[in-house]
Amino acid sequence: MIQITFPDGSIKAFEPPVTGEDVARSISEGLARNAVAMEVDGRLVDLYWTIDEDARVRLITVKDPEALKILRHSAAHVMAQAILRLYPDAKLTIGPVVEGGFYYDIDMEPLSEDDFPKIEAEIAKIVKEKIPIRRQEVSKQKAKEFYRDEPYKLEMIEDLPDGTISFYNQGEFTDLCRGPHLPHTGFVKAIKLMKVSGAYWRADQSKAQLQRVYGTAFFNKKELDEYLHFLEEAKRRNHRKIGEAQDLFSFHDEAPGMAFIHPKGMVVWNMLLDYWRVEHQAAGYVETKTPIILKRVLWERSGHWENYRENMYTTAVDDEEYAIKPMNCPGGMLLYRSRHHSYRELPIRAAEIGLVHRHELSGVLSGLFRVRAFHQDDAHLFMMPDQIQKEILDLLRLEERIYHTFGLGFHLELSTRPEKSIGTDEQWEQATEGLRSALEAYGQPYQVNEGDGAFYGPKIDFHIRDALGRTWQCGTIQLDMSLPERFDLTYVDRDNERRRPIMIHRTVYGSIERFMGILVEHFAGKFPLWMAPVQAVLLPINDELVGYAREINGVLSQAGLRTEVDDRSESLNKKIREAQLQNIPLMLTIGAKEKEAGTLAVRTLDGKVKYGVSREAFIEAVTDHVRQRKLELDLFE
RNA sequence: GCCACCGUAGCUCAGUUGGCAGAGCAGCUGAUUCGUAAUCAGCAGGUCCGCGGUUCGAAUCCGCGCGGUGGCUCCA
């Protein structure tokens with residue numbers, strides 16, 4: 001008899017060999033039905049794994065977080081099986097689980113989404129058959145024989161360490177796989193193919209182009225529907241649609257990847273920057289501006305000509321080569337060098353809303369999220385080594401303040417020295433330690449990405465989280481050990497020696513264009529009052545009241561509110577409907593009663609109406625709300 | 001750049017097997033003067049993304065180009 005210990009500490013004896021299914025069934029039929037795999041002494045294995053000695057066992061059921069990955073991995077196999085049934089000549093490569101689902105890269109004729117129904121029908125058959133999925137272990141030699149006509153699988157086996165190699169079988173389908181997998185294909189009920197795209201074998205453009213088929217799977221239809229609903233909601237909030245509907249910005253064929261910001265979009269833009277300036281002024285920043293077009297020699301000195309030229313637009317003026325800046329830093333270096341600096345001035349915090357151009361590949365452009373021309377809320381901080389920790393800590397707090405104003409959460413990631421890098425071990429040690437100790441002092445948890453830093457220094461990235469729970473990398477803090485060297489930046493220390501300052505590049509919004517796009521989606525087009533392009537629209541009930549509405553509009557404008565009069569000869573219902581669809585936070589209906597009493601009837605976007613508000617009370621409530629940059633539209637609560 | 005899909009009025013879209021280019025909304029004009037999510041009527045609006053080809057005939061089929069959407073990082 002062997003003893004099996006469960007997570008709750010209880011122990012049960014079994015006659016070996018025993019499988020996870022036996023163990024589950026000995027507890028309850030329900031558990032046996034819902035168990036998909038198990039953990040034996042900390043190792044995740046199939047439910048049919050046989051245990052023949054004492055072990056600690058945790059059964060994984062459909063409720064456990066690990067189960068979803070197992071399901072999706074099996075789902076990838078089921079999809080591959082269906083595709084092989086329909087396209088017998090297809091050659092399988094890899095089929096991993098990814099965030100939101102799985103994919104399988106297959107060497108086959110090009111697929112389109114029109115092919116999905118028949119593949120899904122075949123998948124449904126496989127699921128209905130509840131085909132047992134079983135593991136099989138063979139020698140490397142036998143594995144190679146089995147795959148003698150499968151070039152990709154052979155290549156993968158070559159890369160595996162010697163020893164036994166595991167396969168998984170389900171009916172006529174066999175795939176090289178580490179596992180674990182579900183007990184049978186019947187669990188893959190809620191599966192949906194999502195999209196298809198080209199991908200290269202080993203992500204190498206010189207290698208074969210494969211069909212990457214994406215799918216997602218859940219344990220039940222309800223969760224799948226919820227996920228599809230989430231995708232619908234994200235689609236509904238798409239900033240490109242909202243941007244057009246609310247007249248914020250546009251794109252034109254004549255300038256692909258470069259946004260035209262409309263008057264209403266410019267209000268949002270200016271509010272973003274007004275706020276940014278308030279915070280940066282308080283944090284001891286100065287603002288600068290550097291040219292957009294600079295001579296080639298500068299880019300050679302900065303290293304961009306060598307390392308970044310593919311992404312740079314160039315031009316010739318008077319027989320001399322120039323480049324349109326893809327980054328602000330080289331210009332910032334010249335600015336720093338324009339005179340001597342004393343240690344007494346440090347730290348210098350020089351911000352710049354810099355317009356940069358980067359020639360991104362046409363296929364990666366995407367609304368405001370990925371453009372070829374954008375404004376960075378850049379800043380270059382110059383300091384002495386012993387000031388690093390405090391500067392970084394202040395920066396972490398500044399970024400936190402700003403993100404919280406928009407109701408955005410975030411998490412932090414620290415990236416350390418990559419293999420290919422410049423600088424000495426001591427420099428890296430000091431720089432990374434500066435970032436790390438600031439993060440420790442800041443006190444929030446952070447993730448470390450070893451070797452993910454830039455070649456010129458370590459960095460901290462901010463990944464903000466929007467209202468739908470999606471994350472976006474916006475802010476970044478990068479320590480740069482290269483440019484101060486290349487541009488021979490110095491300051492005069494108290495001992496009258498010239499020393500090299502430490503330099504940090506950083507952003508908060510990242511790209512203003514992109515941040516605006518993120519906010520459009522985060523707020524679903526319903527900007528908080530302080531950012532709203534139009535804060536209140538006045539709706540005269542009939543044409544006789546238009547004059548009075550204009551009079552009120554003048555008063556509100558004078559008080560600094562952004563208001564408009566809807567003076568069309570349309571019904572009140574229609575004017576309200578359109579104001580609602582434009583997500584204008586406040587609607588002021590102007591009727592005879594309001595004119596007589598000299599008060600306002602205020603409707604908020606949630607449909608609530610408050611009557612009899614005095615002009616003064618309204619102006620005060622709005623200006624107060626705006627001054628505090630509140631997010632909730634709780635004007636009179 | 002590569003793969004799949006897409007491009008028809010300002011917007012959203014319809015347009016059978018190739019046979020005279022349509023609707024709703026928006027716009028303009030007129031009527032209506034309305035109390036919290038679409039009043040009615042009329043008018044106007046087109047290089048069917050561009051270029052070339054096939055055809056008696058192309059929005060429709062073919063090729064090239066331009067632009068857009070999704071993907072091209074996740075490694076049994």
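This one's a predicted model, so the numbers in the text were calculated from it and none came from an experiment. Residue numbers begin at 1 in each chain, while the letters A, B, ... track the order of the sequences.
The ring pair (Phe, Tyr, Trp, His ring centres under 6.0 Å) with A/Y214 is formed by just one residue from the set A/Y103, A/F116, A/F102; it is A/Y103. Among the candidates A/I590, A/T589, A/D566, the single residue satisfying the side chain to side chain contact (heavy atoms under 4.5 Å, CB included) test with A/L572 is A/T589.
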Each nucleotide N or O in nucleotides 44-46 of chain B that has a protein N or O under 3.5 Å away: list the pair and distance.
none

Pairs under 3.5 angstrom, nitrogen or oxygen only, protein versus nucleotides 7-12 of chain B, please.
residue: B/rC11; atom: O3'; partner: A/E244; partner atom: OE2; Å: 2.9
residue: B/rU12; atom: OP1; partner: A/K241; partner atom: NZ; Å: 3.4

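A/N573 and A/S571 form no side-chain donor-acceptor contact under 3.5 Å, judged by distance and modelled atom types alone. For the residue pair A/Q81/A/E172, the side-chain donor-acceptor check at 3.5 Å is satisfied. Between the side chains of A/E450 and A/T416, a donor-acceptor pair is found at a separation under 3.5 Å. Checked by atom type, the side-chain pair A/D46/A/Y168 shows a donor-acceptor distance below 3.5 Å. A/N307 and A/Y456 are not linked by any side-chain donor-acceptor pair at a separation below 3.5 angstrom, with hydrogens and angles left out of the test.
Look at A/S166 and you won't find any side-chain N or O under 4.0 angstrom from OP1 or OP2 of B/rA76. In this structure, A/S571 reaches the B/rU39 phosphate: one of its side-chain N or O atoms is under 4.0 Å from OP1 or OP2. For the OP1/OP2 pair of B/rA38 and a distance below 4.0 Å, the side-chain nitrogens and oxygens of A/N573 include at least one atom meeting the criterion. Side-chain nitrogen and oxygen atoms of A/R240 include at least one within less than 4.0 Å of the OP1 or OP2 phosphate oxygen of B/rG70. Contact check, A/K574 against B/rA26: a side-chain N or O comes under 4.0 Å of OP1 or OP2. Taking side-chain N and O atoms only, A/Y214 has a distance below 4.0 Å to OP1 or OP2 of B/rC72.
B/rA58 and B/rG19 are spaced 11 Å apart, taking the P atom of each and rounding to whole Å.
Looking only at distances, a side-chain donor or acceptor of A/K575 sits under 3.5 Å from a matching main-chain atom of A/P540.
Residue-to-nucleotide contacts include a donor-acceptor pair under 3.5 Å from the side chain of A/R577 to the base of B/rA38. Between the base of B/rU36 and the side chain of A/T589 there is a donor-acceptor pair shorter than 3.5 Å. Judged by atom type and distance alone, A/Q211 does not reach the base of B/rG71 through any side-chain donor-acceptor pair under 3.5 Å. For A/D543 against B/rU33, a side-chain-to-base donor-acceptor contact under 3.5 Å is present.
When both distances must be under 3.5 Å, the Watson-Crick or G-U wobble mate of B/rG1 is B/rC72. Across every strand in view, B/rU39 sits in a pair with B/rA31 that passes the Watson-Crick or G-U test at under 3.5 angstrom. Both distances falling under 3.5 Å, in either a Watson-Crick or a G-U wobble arrangement, occur for no nucleotide opposite B/rG45. When both distances must be under 3.5 Å, the Watson-Crick or G-U wobble mate of B/rU60 does not exist. Of the nucleotides present, B/rC6 is the one that pairs with B/rG67 by Watson-Crick or G-U wobble criteria, both distances under 3.5 Å. Pairing for B/rC13 goes to B/rG22, judged as Watson-Crick or G-U wobble with the two contacts each under 3.5 Å.
Nearest-nucleotide positions on RNA chain B for A/R372 and A/L581 put A/R372 closer to the 5' end. Both A/L572 and A/M156 sit near RNA chain B, but only A/L572 has its closest nucleotide nearer the 5' end.
With B/rA4, B/rG1, B/rC74 as the candidates, the nucleotide lying closest to the side chain of A/Y200 is B/rG1. Listed nucleotides B/rC34, B/rA76, B/rA37 differ in distance to A/I94; the shortest reach to its side chain belongs to B/rA76. For A/V196, counting side-chain heavy atoms from C-beta on, the closest listed nucleotide (B/rA4, B/rG35, B/rU39) is B/rA4. Among B/rG1, B/rG35, B/rG68, the nucleotide with an atom closest to any side-chain atom of A/L365 is B/rG68.
Within 4.0 Å of A/G367, counting heavy atoms only, lie sugar-phosphate atoms of the nucleic acid but no base atom.
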Query raised in the report: side chain to side chain contact (heavy atoms under 4.5 Å, CB included) between A/E594 and A/I552: does it pass, once the steps are laid out?
Result: CA-CA 11 Å; A/E594 281 69 39; A/I552 303 290; over 6 Å; no
Query raised in the report: Please walk me through it: do A/D606 and A/L633 pass side chain to side chain contact (heavy atoms under 4.5 Å, CB included)?
Result: CA-CA 9 Å; A/D606 55 14; A/L633 198 49; over 6 Å; no
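A salt bridge links A/D159 with A/R202; the closest basic N to acidic carboxylate O contact falls under 4.0 Å.
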